[in-house]
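Have a look at the structure below, then the notes.
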Protein chains: 2
Amino acid sequence: MKILTAVSSLSALAQESRLQVFRLLIQAGKNGVPAGVIGEKLDLPLSTLSFHLSQLKQAGLVACRREGRTLFYSANYKAMNALMAFLVENCCQGQPDNCTIPAECVPEVKGKQK
Amino acid sequence: MKILTAVSSLSALAQESRLQVFRLLIQAGKNGVPAGVIGEKLDLPLSTLSFHLSQLKQAGLVACRREGRTLFYSANYKAMNALMAFLVENCCQGQPDNCTIPAECVPEVKGKQK
DNA sequence: TTGATATTTCTAGTAATATGAAAATATTAA
DNA sequence: TTAATATTTTCATATTACTAGAAATATCAA
């Protein structure tokens, strides 16, 4: 990953409304959520939401597909994983105990089962 | 983690020079690196670097300690892990295969050995 | 083909952030 | 103490980002 790609992903996430949107989509799963429903859940004016969604989309962190009049937005899990991998790249040199990665999504790591 | 904490961490990382600094420190290990050396490696004016270091410090992503005239900056691995955990919190509901976390720093995950 | 629904684009005002030169502070050595 | 080293703070300027109303676009139903 290029550093500027990472910067634009991080910039996209570095804003309260967008971070809320992204976490909502991460939790919603790959089917995604209609824009209107996101706006309702987060109580955002649709023009504002649309601006934020386009930032997230441009950064490659979310995708969207149309179904009828409705646009479903969904999280791009691969992009998120790539970003996290980039952030901690080579973090273990010499001291692997410093930087165990959060294991929320990795079954069977260090005795944690999910 | 509160959402505003995450936003300030992400904002701190969402800038090219700061991201470079942070990754350099992640890779350097817990002893840290003197400010002057960081500036040299990244070819940044020291006043600019100092501004960025204070942003990273305020966000809790780096720490610093003095040794004589020299300030050593180092990455806060715990804060980084907490941030990553927050970003992907509850991401697995129903589809654990979507979101395997980057395993760079976790030995013995899915056959990857380090 | 008209009206309703879902969402985006345009716009402009406001606010936040980045930069680097110059001056200031802290520490050590002579 | 004076000078040198290491780093930060101050400051002005330039750039970028956020917000939400209003108008526009796309799709569907009658």
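Chain naming here is simple, since letters A, B, ... match the order of the sequence lines and numbering starts at 1 in each. In this text, all values refer to a predicted model and were calculated from it rather than measured experimentally.
- Taking atom CG of residue A/D43 and atom C1' of nucleotide D/dA20, one finds them 13 Å apart after rounding to whole Å.
- In this structure, B/Y73 and B/V33 have side chains that are not in contact, with every pair of non-hydrogen atoms separated by 4.5 Å or more.
- Straight-line distance from the CG atom of A/L42 to the P atom of D/dT19: 12 Å, rounded to whole Å.
- Between the CZ atom of B/F72 and the P atom of D/dT8 there is a distance of 13 Å, given to the nearest Å.
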Using a 3.5 Å cut-off and no angle test, enumerate the donor-acceptor pairs between side-chain atoms of residues 5-15 of chain B and protein atoms at least two apart in sequence or in another chain.
residue : atom : partner : partner atom : Å
B/S8    : OG   : B/T5    : O            : 3.2
B/S9    : OG   : B/T5    : O            : 3.2
B/S11   : OG   : B/V7    : O            : 2.8
B/Q15   : OE1  : B/S17   : N            : 3.0
B/Q15   : OE1  : B/R18   : N            : 3.1

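- Atom pair B/I38:CD1 and D/dA6:P shows a separation of 14 Å (rounding to whole Å applied).
- Between the A/Q27 side chain and the B/E89 main chain, a donor and an acceptor come within less than 3.5 Å of each other.
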What does the list of N/O pairs under 3.5 Å between the protein and nucleotides 28-30 of chain D look like, with a distance for each?
none

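- Listed by residue number, A/L46, A/S47, A/S50 are the residues of residues 44-55 of chain A with a heavy-atom contact under 4.0 Å to DNA chain C.
- Using a 4.0 Å cut-off on heavy atoms, the residues of residues 9-18 of chain B that approach DNA chain C are B/Q15, B/R18, listed by number.
- Rounded to a whole Å, the CG atom of A/L19 is 17 Å from the C1' atom of D/dA17.
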Could you pull out all donor-acceptor pairs under 3.5 Å where a side-chain atom in residues 59-71 of chain B meets a protein atom, sequence neighbours excluded?
residue : atom : partner : partner atom : Å
B/R65   : NE   : B/E67   : OE2          : 3.2
B/R65   : NH1  : B/N31   : O            : 2.7
B/R65   : NH2  : B/E67   : OE2          : 2.8
B/R66   : NH1  : B/G68   : O            : 3.1

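- Along DNA chain C, the stretch of nucleotides lying under 4.0 Å from any heavy atom of chain B spans, 5' to 3', C/dA18 to C/dA29.
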